[in-house]
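Just below is one structure, and these are the notes that go with it.
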Amino acid sequence: MYEDNRIIRNAQALTTDFIPSRIFSRDGQLQAMRDDMRPLLKGLSPRHSFLFGKPGTGKTCMARYVAEELAQHTSSVAPVYINCWESTSRFKVLYTILQRMGYVLSVHRKGTPTDELMDILRKKLEEKQAVIILDEVDQLEDDKILYDLISLPKTCLILISNNETAFADVDQRVRSRLAAADHVEFPEYKTDEIMGILKDRIEWGLLPAVIKNAQVEMIAETAGGDARVAIDILRIVAESAENQDLEKIPDKLIESSLPQAQVARKDENLTRLNPYQRAIVDILTRNGRTDSGTLFRELQGIARKQKLEPIVDRTFRKYMDKMLRYKMVESEGSGRWRTYRLI
DNA sequence: CCTCCACTGGAAGATCGGGAAG
DNA sequence: CTTCCCGATCTTCCAGTGGAGG
């Protein structure tokens, strides 16, 4: 298929969505999660699990890996992956779950009440059990969905978050049930562990002998314990070497790809913003730390100049909330002395 | 001590776009 | 076609917060 490729064999293996054929340096976590899900094989209720740890520590990868593994053992279990970043509402989460379980919703896309989706899901689960992965679960805007899902029979939930205290302010009933879930911690990778992961990806994704061991080590060191960053750098390096028709990866390409990997991340974030939020980013770039009142007044000024409809102050605060959740902006202080600043 | 000020954020209502029902 | 209903988003309303300044 890629006869003329000199560097890349399988581009998919160089992405962070790729589910590898084996998991590195995570034996304890792997065993724990297999044990949690095992009851599903006998049609019993499994134990839910909660995975936490910094970005790029293998949480998502592990969850998808064990879910797929189980699905290969038995056809009665469906693996369902949901990113709560993309599906923040109760409706969207249910809609996406049903879609992933193969329920065709083309008949009524909209105008379907959420409770009805819940009923459909319950019926679906009578035929087939599910492992539902809720990634970035702290991004959910409506935690009622957690209550809905956690009380489903014969369903295994895998919840993923960057911080262990993601459920500090959810409903008491949900919290007590979550306390019983298996808390699985993912510590940061060490450089040699990152190297193990990279070498695996290289074996699948690249043609033989295009990258040197010392170069892999260089990438692993710059990644700072974040496997996601390491894989991003590897992909960008490989892609640009391929585009330049090189046969091997030169050292200087690795150095120059580092900032590129960071910019790619930032752009990804900007596309999620509306014109007002982009204007807010502009103001914060110009002003640095800014208090809420000033920020709002400047925003109204810019909106007028750009012929955008003026927005009401409450809407502005909602936008700021979102940007805080996206971790693009951080706030300091409280009440009327609160200030915002770009991260 | 009390009241004012500037901002916060929950709750309810209005509006929009789109599909379904009649 | 019109009417109705849905979720999503924005607006309106308003009680709450806590330092400033009398």
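FYI, side chains are in, hydrogens and waters are out, and symmetry mates aren't considered; it's all heavy atoms of this structure. Quick caveat: nothing in here was measured; it's all calculated off a predicted structure.
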Neighbour count >12 (heavy atoms, 6.0 Å) for atom CH2, A/W85: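 Yes.
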CZ (A/R304) with more than 12 external heavy atoms under 6.0 Å: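 For A/R304, atom CZ is not crowded (no more than 12 foreign heavy atoms under 6.0 Å).
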Once you round it to whole Å, what is the distance between [atom2] of [N] and [atom1] of [X]?
X      : N      : atom1 : atom2 : value
A/F296 : C/dC10 : CZ    : P     : 14 Å
A/E116 : C/dG7  : CD    : P     : 10 Å
A/E141 : B/dA11 : CD    : C1'   : 16 Å
A/K92  : C/dC6  : NZ    : P     : 19 Å
A/D291 : B/dT8  : CG    : P     : 9 Å
A/F91  : C/dG7  : CZ    : C1'   : 6 Å
A/R338 : B/dG9  : CZ    : C1'   : 10 Å
A/M118 : C/dC6  : CE    : C1'   : 18 Å

Non-hydrogen side-chain atoms of A/F52 and A/T165 separated by less than 4.5 Å: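 Answer no - side chains too far apart.
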Row check, A/Y189 ring normal vs A/R26 NZ/CZ: under 6.0 Å, within 45°: yes
Nucleic acid contacts - residues 305-325 of chain A versus DNA chain B, non-hydrogen atoms under 4.0 Å: A/R314, A/R317
N/O (side chain, A/T114) to phosphate O (OP1/OP2, C/dG7) under 4.0 Å: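 Checking C/dG7 against A/T114, a side-chain N or O does come within under 4.0 Å of OP1 or OP2.
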Short side-chain N/O contact to C/dG18 OP1/OP2 from A/S334, under 4.0 Å: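 For A/S334, the contact criterion (side-chain N or O under 4.0 Å from OP1 or OP2 of C/dG18) is not met.
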Listed nucleotide nearest any side-chain atom of A/R336, set B/dC7, C/dA8, C/dG7: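 Of all the options, the side chain of A/R336 is nearest to B/dC7.
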Check: A/Y276 ring centre within less than 6.0 Å of A/F316 ring centre: no
In one Ile/Leu/Val/Met/Phe/Trp/Tyr side-chain cluster, 4.5 Å: A/V131, A/L157: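 Hydrophobic grouping puts A/V131 apart from A/L157.
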Cluster link A/V210 to A/I233, ILVMFWY, side chain under 4.5 Å: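 In one cluster with A/V210: A/I233, yes.
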